[in-house]
Amino acid sequence: MPTITVIGAGMAGCSLGYLLDQKGYDVTIVEKDQIGGLLREIEFDSGYHCDSAPHLLFYDEEEEAIVGELFSEFTDLAEHEFYAATYPRGDLSDPHHYPVSKANIDKWDDADQIRDELDAAPGKKPEKFFEDYMLNQVGPTLYERYNKHYTKKHWGIDPQRITGDWFDFKISFPESEQEFFGGSADYPDDKYTDILEEMVSGCEVVFDGAVGLETEGSTIRALRTESGERIESDLFVSTIDPSILVDTEETLNYRSMIIHGMHVKASERLFPDHVDWGYFPNHYEFTRITDYEFTPQSIPDDEYILTIEFPCFLDDDIWSKPKEWFDQYMMDFFEEQGIEASLVASEARRAPRAYPLPVTEEIEKFERINGELSSYENMFNLGRVSTYEYIWIKDIVQQAYETADEISEKVDILA
Ligand SMILES: O=c1ccn([C@@H]2O[C@H](COP(=O)(O)OP(=O)(O)O[C@H]3O[C@@H]([C@H](O)CO)[C@H](O)[C@H]3O)[C@@H](O)[C@H]2O)c(=O)[nH]1
């Protein structure tokens, strides 16, 4: 039986490791940090937990049921109707619907002008860049208030340059308030960390960082690691940044995220009762606050488990701020909002490669770097970081099933 080395133990590496182990292959997973990647829960000293951002399992039940089926092998899934709000004035007493709905228009003094702009806008049509796509649908005023600054803050790039195939999937403009993805999503009863650890229980997990490849012609012979090991294998699968593995002077940029987890005691809930998270397009350095009341843990009535997301690049000052800075930033926010809050526990989780950048130059750079990797006959890749695509858990699981099948075909050819 051929040996397979999977690089990275996040959602992509763990789901593939599980599927390959089920097929009876001898799988080694090489992970430089801990199993779970970005899905790993933040564990507070107070005994509570939350994932690092809301990682919802949303999928089309007809076309994409496989993600639900995979998770159901490890946990019960609770269906939940997720609602979001947005706070364009930065004021918690003034929630607007997210997805931004036409009903929000009445909240503005210049509602008539906004309606005129909507009438004049051409409506939804395919566009290469985010700004054009949004302006077509909502006109300049709504775009400015709800999308432009949020998008700039989230990605750190001028929205005029942001491209992608995700606009239609991520952005809608309904008549009135609706659930986040226009339908319910699942959330696991068990922790993601435990689920992913169970997924790889049949694989050998080596905790070491990958640093490069040892190759011979078009074949990879071994993975080289930080500790100086050579891990030989017949087949390799990467779920990590390709610039780490190939010999290149170029580095690939990702948008990083500090996800600040907080357990607070507070005088009131931040959002309306049915709302799970809030967006802050303007005014604050963070993009989104999530309230983890929907998780299966009993949190006292006046206590809240929150994550607050601060996007940045690795060379921005904020990336290296200590956790106390984020605590203070949020305590000031609560005070400004008239909420009396005290901190029970907190942790700042840092995700250096949270999002591939949806701009032409970076995508072209990725293609140059990844070109070398994909030229090796015994290398496969999947996952958001390694394919440099803004994809979600449902897509990663789909890729894992497809990669497992491709690997089986390859094994048959090798045999
Ligand atoms: O107020 C806003 C909010 C967003 N946008 C635009 O939408 C883009 C996507 O934002 P969002 O959907 O919040 O992005 P993200 O992928 O981080 O989060 C979603 O995915 C799941 C989860 O991470 C996967 O399970 C999460 O639950 C979702 O929120 C943004 O770039 C803006 O361009 C806006 O304009 N205004």
Side-chain angles (χ1 to χ4, degrees), residues 10-11 37-39 50-59 64 67-68 71 77 80-90 95-101 104 127 129-135 137-138 142-173 179-188 192 254-259 275-284 286-292 294-295 307-311 351 354-359 383-384 389-397:
M11 183 65 220
L38 194 50
L39 285 189
C50 58
D51 74 47
S52 29
H55 290 294
L56 319 176
L57 298 175
F58 58 86
Y59 54 94
E64 301 164 329
V67 59
F71 271 88
L77 292 172
H80 182 75
E81 294 175 353
F82 285 94
Y83 282 91
T86 179
Y87 295 88
R89 294 192 180 95
H96 294 214
H97 305 143
Y98 194 89
V100 177
S101 85
N104 287 324
E127 289 286 359
F129 296 109
F130 180 81
E131 184 155 299
D132 298 331
Y133 181 80
M134 291 311 302
L135 285 172
Q137 284 184 78
V138 302
L142 292 185
Y143 172 65
E144 171 85 22
R145 287 176 194 169
Y146 294 105
N147 308 107
K148 182 176 178 174
H149 305 289
Y150 185 94
T151 304
K152 170 87 176 61
K153 179 161 57 169
H154 182 102
W155 296 104
I157 294 164
D158 186 334
Q160 277 180 326
R161 297 173 54 222
I162 290 188
T163 176
D165 55 8
W166 50 275
F167 310 151
D168 193 33
F169 170 67
K170 295 294 262 180
I171 312 273
S172 56
F173 187 44
E179 290 157 62
F180 188 60
F181 289 107
S184 58
D186 291 343
Y187 196 79
Y192 279 110
Y254 293 80
R255 189 66 167 159
S256 312
M257 189 68 85
I258 294 159
I259 302 121
V275 168
D276 301 291
W277 69 84
Y279 288 106
F280 295 82
N282 313 307
H283 308 97
Y284 294 102
F286 53 82
T287 45
R288 176 168 63 183
I289 303 180
T290 302
D291 181 331
Y292 283 81
F294 57 82
T295 54
T307 54
I308 305 97
E309 293 167 56
F310 293 84
Y355 296 89
L357 291 179
V359 286
R384 197 190 257 196
E389 288 173 315
Y390 183 27
I391 52 173
W392 294 275
I393 296 172
K394 65 189 178 81
D395 306 307
I396 293 169
V397 169

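Order of listing sets the numbers, starting from 1, for every ligand and every atom in it.
- When heavy-atom distances to ligand 1 are checked against a 4.0 Å cut-off, Thr287 has no atom that comes that close, whether in backbone or side chain.
- Nearest protein heavy-atom neighbour of atom 19 (C) of ligand 1: Lys170 NZ, 3.0 Å.
- Annotation for ligand 1: atoms under 4.0 Å from non-hydrogen atoms of Phe58 are 24 (C), 25 (O).
- Among all non-hydrogen protein atoms, the one lying nearest atom 28 (C) of ligand 1 is Arg288 NH1, 3.3 Å.
- Between His55 and ligand 1, no pair of N/O atoms sits closer than 3.5 Å.
- Looking only at protein heavy atoms, the nearest one to atom 11 (P) of ligand 1 is Tyr279 OH, 3.6 Å.
- With ligand atoms numbered from 1 in the order given, ligand 1 contributes 27 (O), 29 (O) to contacts under 4.0 Å with heavy atoms of Trp277.
- Considering backbone and side-chain atoms alike, Ile393 places every N or O at 3.5 Å or more from each N or O of ligand 1.
- Some N or O of Tyr390 is nearer than 3.5 Å to an N or O of ligand 1, by distance alone.
- Across the listed options Ile162, Ile171, Val100, Ile171 owns the non-hydrogen atom lying nearest to atom 6 (C) of ligand 1.
- Nearest approach of Glu81 to Asp276, heavy atoms of both residues: O-OD2, 3.8 Å.
- In this structure, Trp392 CH2 and His55 NE2 are separated by 13.5 Å, a value rounded to the nearest 0.5 Å.
- Partner of Tyr143 under the side chain to side chain donor-acceptor pair (under 3.5 Å) criterion, out of Lys148, Glu131, Gln137: Glu131 alone.
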